[in-house]
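Everything quoted here is computed from the prediction, not taken from an experiment. Both backbone and side-chain heavy atoms feed into the values below; hydrogens, waters and symmetry mates do not.
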Amino acid sequence: MTKLYMPLHPAQQDIYIDQLLNIDSPLYNIGGYIILKGDLSKEKFHEAINTAPQLFDAFKMRFDLEESDFLYQYDSVFNTTGLTELDFTVHEDPAQYARDWMQDRFNIPFQLKREALPFEQYLIKITEQEYWFFGKYHHLITDGYGFITYVQFLAKKYTALLTGEELLFNYPLYHEATVNANEYYHSSAYQEDGNYWKEKIPVKPGKLLQKKQAAYVAKGKIGTTYSLNLNEGQRSLLEEIQLDSKAGLQQLTIAALLIYFGKTSTSTEFIFGTPIHKRGSRQLRNTMGMFSGILPFKGHYDKEQTLADLLKDISGSQRSDYRHQNYLIGDLSRDLKINSSEDYLTEVLVNYEPLNFELNFGQEIAADIIRLANEGERNPLQLCWRDYGKQQALQLQIQYGFEYFNAEEIALLAHRVLFIIGQFAGRLDQRIDGVAILPQQESEQILHEFNDTETAYPKDTIIVSLIEEQAAKNPDATAVVFEDKELTYSELNKRSNQLAHYLQKKGV
């Protein structure tokens with residue numbers, strides 16, 4: 001076996017370090033599955049899979065966390081990946097069993113050892129006429145864009161093998177891209193990009209989200225994913241708003257969150273994270289490998305601003321940021337002295353994944369692709385739009401941490417975000433302080449519950465005595481809230497006594 005040691009791509013470095021510090025974390029598992037319905041030739045599918053390493057050198061990469069340097073091993077003679085077959089037809093509900101099994105696999109971290117493969121692939125039998133191809137890959141060898149490049153190749157290769165057509169496949173090599181990227185990483189241009197970000201975000205941002213629950217970890221899960229499939233009416237409305245505003249779903253979602261957090265917190269400045277593929281050339285867009293990263297977005301809530309101006313500011317800020325996108329967020333975090341798991345540069349991530357491409361496995365096969373999300377996400381909150389095109393429902397996925405949110409809160413947040421964006425239709429000239437953040441039904445429910453304060457208490461006891469009793473039991477508990485002011489029971493009792501003495505002096 002021939003192996004060469006090569007330097008990591010800069011985009012791989014933060015992942016490598018974080019996986020080294022959190023060996024048992026499944027955070028960097030990516031991939032998904034393809035539903036294949038029809039007369040699948042397993043022989044040709046196996047053949048297509050096994051040709052991949054000859055074209056995509058990402059499959060030749062090996063990692064060993066015990067290595068002290070930022071290097072990977074390049075196995076030049078690795079030419080076939082292999083494909084494990086599983087038969088789930090013996091289970092009562094094969095499809096549901098497969099979904100649960102795949103999610104469990106997704107929550108298992110890769111053991112990055114010298115001889116271990118950083119990927120696994122399965123062909124799962126659901127029925128005689130339905131197979132699912134499941135691929136799980138470590139983020140060190142590919143990102144989401146690279147995964148899409150790979151599955152598109154599989155469809156083309158399988159079809160060519162089935163028809164006997166001679167197709168010439170030529171994909172750029174990832175290890176060549178790592179050489180070029182490292183030259184940039186050690187150049188003055190990289191330092192100039194860093195200066196842009198240090199000027200834009202000079203200090204560590206304050207916390208936006210607070211932990212509310214005790215930590216819960218099971219099977220690698222420190223969080224989970226909530227999924228909401230939009231109906232045709234909701235999708236049409238979003239498409240109308242995008243056309244009218246000339247803003248994409250990610251920008252509309254950023255605007256909605258600026259309004260939401262601007263109205264529900266004391267802050268007016270927010271930093272969100274926006275995942276981007278960082279593939280600025282056609283060559284990189286055809287390369288399977290790891291290039292992606294998180295681009296910080298810094299936005300403001302100005303209640304007097306119009307929606308049109310807010311969206312214009314978001315678009316302008318992103319255009320400027322994209323010109324400096326290759327500066328690593330890990331380096332920026334280190335610049336700001338953010339090195340604790342309790343601190344975040346970007347607590348909230350906003351993502352948009354276009355998956356609206358056709359996978360053509362031939363006339364005999366209907367294919368749909370589903371991306372999976374691991375349940376080891378450490379960011380408290382990530383909103384991700386999964387756009388599968390017209391053949392599947394537009395999906396809003398929210399990944400959240402158990403310490404910060406429960407399932408009910410996230411379901412409410414999803415509907416609030418949709419409600420806020422829905423108000424943009426035909427009203428881009430309105431001020432953002434006129435945008436409501438709660439749907440009417442939820443507002444009425446909250447108002448009813450808030451006003452439903454009837455409770456039993458001793459009929460022969462006056463209110464002053466009840467306050468004194470609570471002040472003795474819970475002196476630091478909040479008793480009264482008005483606008484931005486709060487009084488504890490102890491403070492309320494003192495005010496009550498002061499008022500009583502004043503009234504007595506007045507002869508009351």
Side-chain angles (χ1 to χ4, degrees), residues 18 22 25-30 106-107 139 144 201 204-217 220-228 230 249-276 292-301 314 318 329 333 338 340-353 371-386 395-421 437-438 442:
D18 194 60
N22 301 278
S25 171
L27 176 61
Y28 297 110
N29 295 346
I30 69 167
F106 231 64
N107 293 335
H139 215 341
I201 308 176
K204 181 174 71 174
K207 285 192 174 184
L208 175 61
L209 305 175
Q210 303 298 323
K211 291 183 179 181
K212 294 181 291 185
Q213 282 94 228
Y216 168 75
V217 180
K221 294 172 62 173
I222 59 176
T224 192
T225 301
Y226 170 85
S227 298
L228 177 66
L230 275 63
L249 268 180
Q250 186 187 67
Q251 293 171 331
L252 293 175
T253 307
I254 289 173
L257 291 177
L258 287 174
I259 294 170
Y260 181 79
F261 287 118
K263 289 194 169 192
T264 58
S265 73
T266 58
S267 300
T268 58
E269 183 178 277
F270 305 94
I271 296 177
F272 303 142
T274 56
I276 57 172
S292 67
I294 304 295
L295 193 66
F297 170 84
K298 184 177 181 179
H300 299 83
Y301 173 77
I314 292 171
Q318 287 191 317
I329 193 171
S333 295
I338 300 174
S340 167
S341 60
E342 296 296 318
D343 289 333
Y344 298 89
L345 175 56
T346 56
E347 293 176 273
V348 181
L349 303 180
V350 184
N351 195 8
Y352 171 74
E353 290 191 349
R371 281 288 306 276
L372 287 174
N374 71 76
E375 295 175 314
E377 176 63 56
R378 290 200 299 276
N379 268 78
L381 186 66
Q382 178 172 187
L383 290 84
C384 179
W385 292 98
R386 296 269 168 86
Q395 188 178 72
L396 174 60
Q397 282 196 351
I398 301 183
Q399 299 173 41
Y400 62 96
F402 292 136
E403 293 179 294
Y404 293 86
F405 301 97
N406 60 40
E408 182 181 4
E409 290 169 333
I410 291 299
L412 289 173
L413 177 63
H415 289 283
R416 290 170 185 172
V417 168
L418 286 177
F419 174 68
I420 292 171
I421 296 175
I437 62 173
L438 299 181
E442 187 184 347

### Task
For Leu230 and Trp385, run side-chain contact (heavy atoms from CB on, under 4.5 Å): C-alpha distance rounded to whole Å, both residues' side-chain angles, the deciding distance at 0.1 Å, then the answer.
CA-CA 11 Å; Leu230 275 63; Trp385 292 98; 3.9 Å; yes
[Y] and [X], any side-chain heavy atoms less than 4.5 Å apart:
{"X": "Lys212", "Y": "Glu409", "result": "yes"}
{"X": "Gln399", "Y": "Thr225", "result": "yes"}
{"X": "Pro205", "Y": "Leu345", "result": "yes"}
{"X": "Tyr344", "Y": "Asn379", "result": "yes"}
{"X": "Thr224", "Y": "Tyr400", "result": "yes"}
{"X": "Gln382", "Y": "Pro275", "result": "yes"}

Exactly one of [options] should register a side-chain contact (heavy atoms from CB on, under 4.5 Å) with [X]. Which one does?
{"X": "Leu295", "options": "Ile329, Thr346, Thr274", "result": "Thr274"}
{"X": "Leu381", "options": "Leu257, Val350, Ile398", "result": "Ile398"}
{"X": "His139", "options": "Leu27, Asn374, Asn29, Ile30", "result": "Ile30"}

If you measure from [atom1] on [X] to [atom2] on [Y], what distance do you get to the nearest 0.5 Å?
{"X": "Arg386", "Y": "Ser227", "atom1": "CZ", "atom2": "OG", "result": "8.0 Å"}
{"X": "Ile254", "Y": "Leu383", "atom1": "CD1", "atom2": "CG", "result": "10.5 Å"}
{"X": "Ile201", "Y": "Ile271", "atom1": "CD1", "atom2": "CD1", "result": "4.0 Å"}
{"X": "Tyr28", "Y": "Asp18", "atom1": "OH", "atom2": "CG", "result": "3.5 Å"}
{"X": "Leu372", "Y": "Gln397", "atom1": "CG", "atom2": "CD", "result": "8.5 Å"}

For [X] and [Y], which heavy atoms make the closest approach, and how far apart are they?
{"X": "Tyr260", "Y": "Leu413", "result": "CE2-CD1, 3.9 Å"}
{"X": "Asn351", "Y": "Gln250", "result": "CA-NE2, 4.1 Å"}
{"X": "Tyr226", "Y": "Ala414", "result": "CE2-CB, 3.6 Å"}
{"X": "Gly144", "Y": "Arg371", "result": "CA-NH1, 3.7 Å"}
{"X": "Leu258", "Y": "Tyr301", "result": "O-CD1, 3.6 Å"}
{"X": "Leu208", "Y": "Glu347", "result": "N-OE1, 2.6 Å"}

### Message
Between Phe419 and Leu438, is the side-chain contact (heavy atoms from CB on, under 4.5 Å) condition met? List the steps.
### Response
CA-CA 7 Å; Phe419 174 68; Leu438 299 181; 5.5 Å; no
### Query
Any idea how Phe270 and Phe261 line up, ring-wise: parallel (<30°), tilted (30 to 60°), or perpendicular (>60°)?
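Phe270 vs Phe261 ring planes: tilted.
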### Query
Should Ile437 and Arg416 be marked as a side-chain contact (heavy atoms from CB on, under 4.5 Å) after you check the CA-CA gap, both sets of side-chain angles, and the distance that decides it?
CA-CA 6 Å; Ile437 62 173; Arg416 290 170 185 172; 6.0 Å; no
### side-chain contact (heavy atoms from CB on, under 4.5 Å) between His415 and Leu228, worked out
CA-CA 9 Å; His415 289 283; Leu228 177 66; 4.2 Å; yes
